[in-house]
Amino acid sequence: MKSVVVSKQVLAHLAKKMELGRYVLVSDNAQRAGVSTMDSVLADALEAVFGAVFMDGSFDAARRAIMKVLPDDLGDVVYQEESINYKSLLQEYIQALHKVPPRYRVHSTTGPDHDKQFVVEVVVKGNILGSGTGKTKKDAEQKAAREAYRRLTNSPAEG
């Protein structure tokens with residue numbers, strides 16, 4: 001549950017509900033490009049707010065601030081498809097079977113610097129178990145891990 005609470009998706013969702021993006025200072029060009037509304041920026045900004053509360057106050061103050069913004073239906077959020085950390089699930093599964101962690105390698109990168117697409121493969125003992133495409137290496141790795149985990153566990157591919 002902790003990994004879901006601190007996930008980019010959950011933190012960005014909470015930051016959007018709080019309209020935190022209105023307070024993120026970026027250059028005019030970045031503002032036009034929508035940087036202050038990007039999930040990664042919003043998630044980082046909310047983490048920074050929690051960190052500032054901790055540094056300025058205490059652990060208890062930070063805990064109270066975090067608990068105040070967490071949704072009542074957090075349990076439901078944990079089981080949403082976009083909240084599942086397939087890289088962690090795959091790592092646990094693979095290490096239990098093979099005693100080695102999966103490796104991720106970039107197969108290809110396309111597009112201009114501001115709009116890259118990464119294709120990443122997840123590999124174990126030289127075998128490609130899955131591949132994924134995303135705008136960041138991390139997203140592509142997560143998709144590759146999801147494909148591999150579902151293939152290995154015979155889980156449905158929907159979602």
Side-chain angles (χ1 to χ4, degrees), residues 1-92 102-122 129-150 155-159:
M1 187 174 271
K2 179 197 139 283
S3 67
V4 171
V5 172
V6 298
S7 72
K8 176 176 69 171
Q9 292 85 359
V10 170
L11 291 174
H13 172 74
L14 296 173
K16 285 175 187 173
K17 282 177 57 175
M18 300 167 58
E19 298 183 6
L20 189 59
R22 294 177 25 186
Y23 305 99
V24 174
L25 299 178
V26 295
S27 71
D28 290 339
N29 285 340
Q31 187 66 38
R32 282 190 292 277
V35 169
S36 62
T37 62
M38 293 172 59
D39 283 357
S40 59
V41 171
L42 291 171
D44 288 348
L46 186 54
E47 269 189 295
V49 168
F50 293 150
V53 171
F54 171 74
M55 295 297 290
D56 191 54
S58 65
F59 177 79
D60 284 335
R63 184 182 56 74
R64 285 192 305 275
I66 292 167
M67 296 306 287
K68 189 177 248 185
V69 300
L70 287 180
D72 293 333
D73 61 347
L74 184 61
D76 296 338
V77 173
V78 171
Y79 297 104
Q80 291 177 0
E81 173 67 24
E82 63 271 9
S83 299
I84 298 171
N85 186 339
Y86 283 100
K87 283 182 69 176
S88 292
L89 287 175
L90 181 65
Q91 181 163 334
E92 290 172 13
R103 287 186 319 111
Y104 295 88
R105 66 180 180 207
V106 176
H107 178 265
S108 64
T109 306
T110 58
D113 285 344
H114 69 280
D115 192 25
K116 287 232 184 271
Q117 282 283 356
F118 296 91
V119 177
V120 171
E121 298 171 332
V122 59
L129 301 181
S131 66
T133 303
K135 289 196 172 286
T136 66
K137 289 178 190 174
K138 188 174 178 180
D139 287 341
E141 288 172 355
Q142 189 67 229
K143 289 175 181 172
R146 180 180 64 190
E147 180 181 295
Y149 184 78
R150 286 182 170 172
S155 299
E158 294 101 44

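All heavy atoms count here, side chains included; hydrogens, waters and symmetry mates do not.
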Look up atom [atom1] in [X] and atom [atom2] in [Y], then write down how far apart they are to the nearest 0.5 Å.
X	Y	atom1	atom2	answer
Thr37	Lys16	OG1	NZ	7.5 Å
Glu147	Leu129	CD	CG	9.5 Å
Arg150	Leu89	CZ	CG	10.5 Å
Glu19	Leu42	CD	CG	11.0 Å
Lys116	Lys135	NZ	NZ	11.5 Å
Glu141	Phe118	CD	CZ	10.0 Å

Could you walk me through whether Met18 and Val49 pass side-chain contact (heavy atoms from CB on, under 4.5 Å), step by step?
CA-CA 12 Å; Met18 300 167 58; Val49 168; 5.8 Å; no
Criterion side-chain contact (heavy atoms from CB on, under 4.5 Å) against Gln31, the qualifying member of Val26, Leu25, Val24
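Result for side-chain contact (heavy atoms from CB on, under 4.5 Å) with Gln31: Val26.
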The criterion is salt bridge (charged side-chain N to carboxylate O under 4.0 Å, His left out); which residues satisfy it with Asp44, sequence neighbours excluded?
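Applying salt bridge (charged side-chain N to carboxylate O under 4.0 Å, His left out) to Asp44 gives none.
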Working note: Lys137 + Tyr104, criterion side-chain contact (heavy atoms from CB on, under 4.5 Å); need CA distance, chi angles, decisive distance, verdict.
CA-CA 9 Å; Lys137 289 178 190 174; Tyr104 295 88; over 6 Å; no
Between Gln91 and Pro102, is there a donor-acceptor pair closer than 3.5 Å when you use the side chain of the first and the backbone of the second?
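No; zero donor-acceptor contacts below 3.5 Å.
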Determine the minimum heavy-atom distance between [X] and [Y], stating which atoms define it.
X	Y	value
Ala140	Gly134	CB-N, 3.6 Å
Ser36	Val41	CA-CG1, 4.3 Å
His107	Glu121	CD2-OE2, 3.2 Å

Check the surroundings of atom CG in Asp56: do more than 12 heavy atoms from other residues, nucleotides or ligands lie under 6.0 Å from it?
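Not more than 12 within 6.0 Å, no.
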